[in-house]
Amino acid sequence: IFKYILNKTRYRPRDVVAFFKYVFENNPEIPITNETLDKEYGYSNYLYQEIKNELSGFYDNRKIEDIFNKIKKFNKSAFIIKDFLKENRIDKKQKEFYLNFFKKLYDLGIINIVQIQNGHKENILNYNIDGSYSLDEKCFVAINYGLRNHLKLYNPDSNN
């Protein structure tokens, strides 16, 4: 089934989402929910390990875990990067390192930029395709839903 999905969607995330939306709308008896994916199948933990593996080519494993622990302790699934840096007392010397780390997470689709219009979350940008949405410390970002369970990020203000 995975080969079928990937061949039909040509590996495009939007098409994969559309495929599953169609399947679930037309087959409501399929017993897959966010809870079963996370609790029974351990998807969130698996995703975390995959992210760590991907990042290990760029960062030391202890530093990766340290940053994710800071995100977990910050306890927000959506936040302004500047607020995260301030809360964690990241000095000017370390700031560039953290910004680059967040940019890498953005490139991997692990954090998304959330556009706010009229005080409401209007648009979530999944990843940077054409360079028109650059990530900086002023960005309001959201942690990928798949990773939130592993990091135990349950923020009622972020539509978890």
Side-chain angles (χ1 to χ4, degrees), residues 1-20 32 34-115 121 123-155 158-160:
I1 187 147
F2 295 113
K3 282 185 180 181
Y4 175 84
I5 294 168
L6 295 175
N7 285 333
K8 295 293 182 189
T9 61
R10 296 189 177 98
Y11 298 85
R12 292 184 298 226
R14 175 191 271 169
D15 293 344
V16 172
V17 170
F19 174 84
F20 281 110
I32 296 179
N34 288 344
E35 282 188 19
T36 56
L37 281 173
D38 287 332
K39 291 181 181 173
E40 293 180 29
Y41 300 107
Y43 172 72
S44 192
N45 294 334
Y46 174 78
L47 180 62
Y48 176 73
Q49 290 303 319
E50 288 298 312
I51 294 165
K52 276 183 52 179
N53 289 342
E54 182 71 29
L55 293 171
S56 68
F58 303 94
Y59 303 99
D60 176 67
N61 277 333
R62 286 180 301 203
K63 195 63 177 171
I64 295 168
E65 288 183 21
D66 179 53
I67 293 171
F68 277 117
N69 283 335
K70 281 181 170 65
I71 292 170
K72 184 176 182 177
K73 185 178 175 191
F74 192 56
N75 197 27
K76 294 183 180 182
S77 58
F79 54 88
I80 296 172
I81 293 175
K82 188 175 187 176
D83 294 342
F84 172 86
L85 297 173
K86 183 178 177 182
E87 176 78 18
N88 285 285
R89 297 184 179 132
I90 306 302
D91 62 26
K92 289 180 181 181
K93 251 170 68 173
Q94 296 177 313
K95 182 174 143 183
E96 191 64 32
F97 175 83
Y98 277 83
L99 284 175
N100 286 332
F101 188 87
F102 279 116
K103 286 176 184 176
K104 188 66 178 168
L105 292 178
Y106 179 51
D107 290 341
L108 294 172
I110 303 309
I111 63 169
N112 307 308
I113 295 176
V114 180
Q115 291 179 324
K121 297 174 189 173
N123 192 13
I124 294 179
L125 307 171
N126 291 329
Y127 46 86
N128 189 359
I129 297 172
D130 62 2
S132 59
Y133 298 102
S134 59
L135 186 116
D136 61 31
E137 68 181 277
K138 297 174 193 161
C139 287
F140 185 66
V141 297
I143 302 291
N144 181 294
Y145 283 105
L147 193 57
R148 291 179 187 183
N149 189 46
H150 177 81
L151 296 176
K152 296 176 178 39
L153 299 176
Y154 303 106
N155 182 351
S158 67
N159 298 325
N160 268 343

May I ask you to test the [X]-[Y] pair for a side-chain heavy-atom distance under 4.5 Å?
X: Phe97; Y: Ile67; result: yes
X: Ile111; Y: Asn144; result: no
X: Leu99; Y: Ile81; result: yes
X: Ile143; Y: Ile71; result: yes

Just how far is it from atom SG of Cys139 to atom CZ of Phe102, taken to the nearest 0.5 Å?
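Those atoms lie 11.0 Å apart.
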
First locate atom CG of Leu153, then atom CZ of Phe74, and finally report the distance between them rounded to the nearest 0.5 Å.
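It is 10.5 Å, given to the nearest 0.5 Å.
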
Picking from Leu108, Leu105, Ile110, Ile64, what satisfies side-chain contact (heavy atoms from CB on, under 4.5 Å) with Glu54?
Leu108

Side-chain donor/acceptor of Ser44 to backbone N/O of Gly146, under 3.5 Å
yes

Tell me, which pairs form a side chain to side chain donor-acceptor pair (under 3.5 Å) where one or both residues lie in residues 91-105, sequence neighbours left out?
Lys95-Glu137

Quick note, side chain to side chain donor-acceptor pair (under 3.5 Å) partners involving residues 56-66, not counting sequence neighbours, are Lys52-Glu65, Asp60-Arg62, Asp66-Lys70

Return the set of residues passing side-chain contact (heavy atoms from CB on, under 4.5 Å) with Asn53 (not counting sequence neighbours), or none when no residue passes.
Glu50

Do you know the tightest heavy-atom contact between His150 and Asn45?
ND1-OD1, 2.5 Å

Nearest heavy atoms of Leu47 and Leu147, plus distance in Å
CD2-N, 3.7 Å

Aromatic ring proximity Phe68/Tyr48, centre distance under 6.0 Å:
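Yes, the ring of Phe68 comes within the 6.0 Å limit of the ring of Tyr48, centre to centre.
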
Test side-chain contact (heavy atoms from CB on, under 4.5 Å) on Arg148 and Tyr145 and set out the steps.
CA-CA 5 Å; Arg148 291 179 187 183; Tyr145 283 105; 3.0 Å; yes

